Number of protein chains: 2
Amino acid sequence: MSRAAAAESGTRNRTRRAILDAAATALYRNRKAPLADIAAAADVGRSTLHRYFPDREELVSAVIADALQRLSSSVEEARVDEGPPREAMRRLIAAMVASGDGLLFLLHDPNIFEGLDANGEPCGADAEDPDHDLPVLDLIERGQAAGVFDPEVSTAWVLSVLWGLVYTGCEAANEGTLARHAVAATVIRTFENGVAVT
Amino acid sequence: MSRAAAAESGTRNRTRRAILDAAATALYRNRKAPLADIAAAADVGRSTLHRYFPDREELVSAVIADALQRLSSSVEEARVDEGPPREAMRRLIAAMVASGDGLLFLLHDPNIFEGLDANGEPCGADAEDPDHDLPVLDLIERGQAAGVFDPEVSTAWVLSVLWGLVYTGCEAANEGTLARHAVAATVIRTFENGVAVT
DNA sequence: CCAACGTGGGACACCGATGTTCCAAAAATA
DNA sequence: TATTTTTGGAACATCGGTGTCCCACGTTGG
């Protein structure tokens with residue numbers, strides 16, 4: 001028996017992961033997917049799922065936290081605050097795309113952040129979750145100031161477009177419309193230049 | 001009693017509309033919103049709602065059909081097959097944006113078309129629903145051929161980006177991030193030129 | 001080989017959503 | 001105003017998802 005909650009090591013971590021992944025996929029398809037389905041998808045007894053996550057609420061919180069975790073570590077290693085804005089943005093997009101499925105789940109439901117924070121704790125409606133977007137907003141602003149990003153539109157809009165395009169790219173890959181390896185490049189291309197030729 | 005189903009005229013049409021609209025909004029927020037909530041939102045007794053749409057299934061089918069209806073009539077009057085591609089695309093985007101909330105509901109759930117066709121009738125998995133996108137795909141192809149749209153990416157990708165950006169725009173307007181009247185122009189600008197300056 | 005751990009599945013009570021029926025009140029129409 | 005249409009709400013049975021408990025089986029590791 002260890003003391004820290006961090007290292008539940010052994011079989012447990014694996015099943016936990018399996019459940020988390022299955023839940024992310026299932027919940028992406030249907031936000032209200034029955035726990036039974038999730039358990040089945042994870043190849044785990046409904047009982048076991050319940051043993052790891054007593055509540056449905058605890059499960060979704062964990063899934064959100066997990067996805068958020070992956071994402072923000074991806075973003076962090078993109079070092080958005082370093083180097084020229086355009087390159088930084090390209091690194092960021094690549095990192096986001098690489099986060100893959102968790103992202104789809106996260107962005108699929110606009111209401112996902114309402115009433116929850118990254119840890120699954122309920123939070124006041126005033127807390128928007130600026131933590132994750134702030135460095136990105138900085139990057140966008142920096143880019144606009146440097147004359148590489150369109151200064152005629154708001155940073156918030158650029159941010160929305162960023163998320164939207166990344167989402168579209170991941171979705172296209174999931175549907176087989178776009179090859180996995182081409183996603184990042186395509187998203188970057190469209191993000192920077194749109195679809196019209198000069 | 002009239003014979004035609006088309007003209008149920010009178011009070012009925014109004015309540016029907018109210019229910020349909022309320023349902024579109026409620027279902028956009030939560031695909032599994034309780035009928036009671038929808039009825040309440042429509043300012044209608046749960047009983048009445050049930051009188052118009054016996055099944056939940058019939059309700060969502062009707063909402064989908066309705067949204068699809070609005071959208072395709074909007075698109076139709078954009079005359080995408082006439083005039084230079086760039087202008088046609090601009091008209092199309094404006095028309096889509098104008099369709100507004102129904103669109104959000106439609107695009108929110110990627111699985112919405114699975115197992116249903118425009119009339120709410122179940123249909124084989126092979127029927128993809130090309131009816132609505134086909135003229136748009138034609139437009140894109142036409143634009144690529146004419147050298148106004150990026151020929152380096154697939155038409156399917158351009159289509160995805162189009163839907164995605166329109167969705168992002170509508171969502172931004174809904175959240176108040178972007179002024180209603182600015183949505184179309186902003187979407188068009190970004191769609192054509194991306195967010196980078198040449 | 002034996003114990004502890006982890007698991008699956010059945011049985012159960014509970015609750016919210018759904019769909020049905022009926023009736024009295026409100027609204028539209030003549 | 002009289003009549004028909006339309007509505008809202010209560011009561012009810014049903015169903016599926018949820019959460020809990022318990023026990024037998026398989027797996028892991030000493």
Side-chain angles (χ1 to χ4, degrees), chain A residues 1-64 109 111 115-116 120 122, chain B residues 1-64 109 111 115-116 120 122:
Chain A
M1 309 306 150
S2 63
R3 35 180 52 262
E8 276 278 8
S9 74
T11 312
R12 293 190 89 98
N13 277 344
R14 274 189 293 273
T15 47
R16 186 185 161 87
R17 269 258 62 83
I19 295 177
L20 244 30
D21 291 345
T25 307
L27 292 177
Y28 158 63
R29 281 201 284 262
N30 173 10
R31 193 67 213 291
K32 296 269 169 74
L35 295 185
D37 291 9
I38 297 178
D43 209 26
V44 159
R46 191 169 74 92
S47 187
T48 303
L49 184 153
H50 229 284
R51 200 169 284 128
Y52 281 77
F53 308 95
D55 273 357
R56 161 177 263 273
E57 194 184 339
E58 285 206 40
L59 175 61
V60 308
S61 295
V63 175
I64 293 176
D109 189 348
N111 309 328
L116 291 177
Chain B
M1 308 305 156
S2 62
R3 38 181 49 266
E8 276 278 9
S9 75
T11 312
R12 295 190 88 95
N13 277 345
R14 275 190 294 273
T15 48
R16 186 186 160 86
R17 269 257 62 82
I19 295 177
L20 244 29
D21 291 345
T25 307
L27 292 177
Y28 158 61
R29 282 201 282 263
N30 172 11
R31 193 66 213 290
K32 296 269 171 75
L35 294 185
D37 291 9
I38 297 177
D43 210 27
V44 158
R46 192 169 73 92
S47 184
T48 303
L49 185 154
H50 232 289
R51 201 169 283 127
Y52 282 76
F53 308 95
D55 272 358
R56 162 177 262 272
E57 195 185 338
E58 284 206 39
L59 175 61
V60 309
S61 294
V63 174
I64 293 177
D109 188 349
N111 311 326
L116 293 176

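Quantities reported herein were computed from a predicted structural model and do not represent experimental measurements.
- The CG atom of A/D43 sits 19 Å away from the P atom of C/dG6 (whole-angstrom rounding).
- Side chain of B/L35, nearest nucleotide from D/dG19, C/dT18, D/dG8: C/dT18.
- Atom P of nucleotide C/dA28 and atom CZ of B/R12 are separated by 14 Å, given to the nearest angstrom.
- Rounding to the nearest 0.5 Å gives a distance of 11.5 Å between OG1 of B/T48 and CZ of B/F53.
- Atoms NE2 (B/H50) and P (D/dA10) sit 16 Å apart, rounded to a whole Å.
- OP1 and OP2 of D/dA10 both lie 4.0 Å or more from every side-chain N or O belonging to B/S47.
- Closest approach to the B/R56 side chain among D/dT7, C/dG19, D/dT18 is made by C/dG19 (side chain taken as heavy atoms from C-beta onward).
- Residue B/T11 places no side-chain N or O under 4.0 Å from the OP1 or OP2 atom of D/dT5.
- Between the side chain of B/R51 and the base of D/dG8, a donor-acceptor pair under 3.5 Å is found.
- Side-chain N/O atoms of A/Y52 include one lying less than 4.0 angstrom from OP1 or OP2 on C/dT7.
- Taking the side chain of B/R46 as heavy atoms from C-beta on, and the options C/dT21, D/dG17, D/dA11, the nearest nucleotide is D/dA11.
- For the pair A/T48 and C/dG8, the criterion of a side-chain N or O lying under 4.0 Å from OP1 or OP2 is met.
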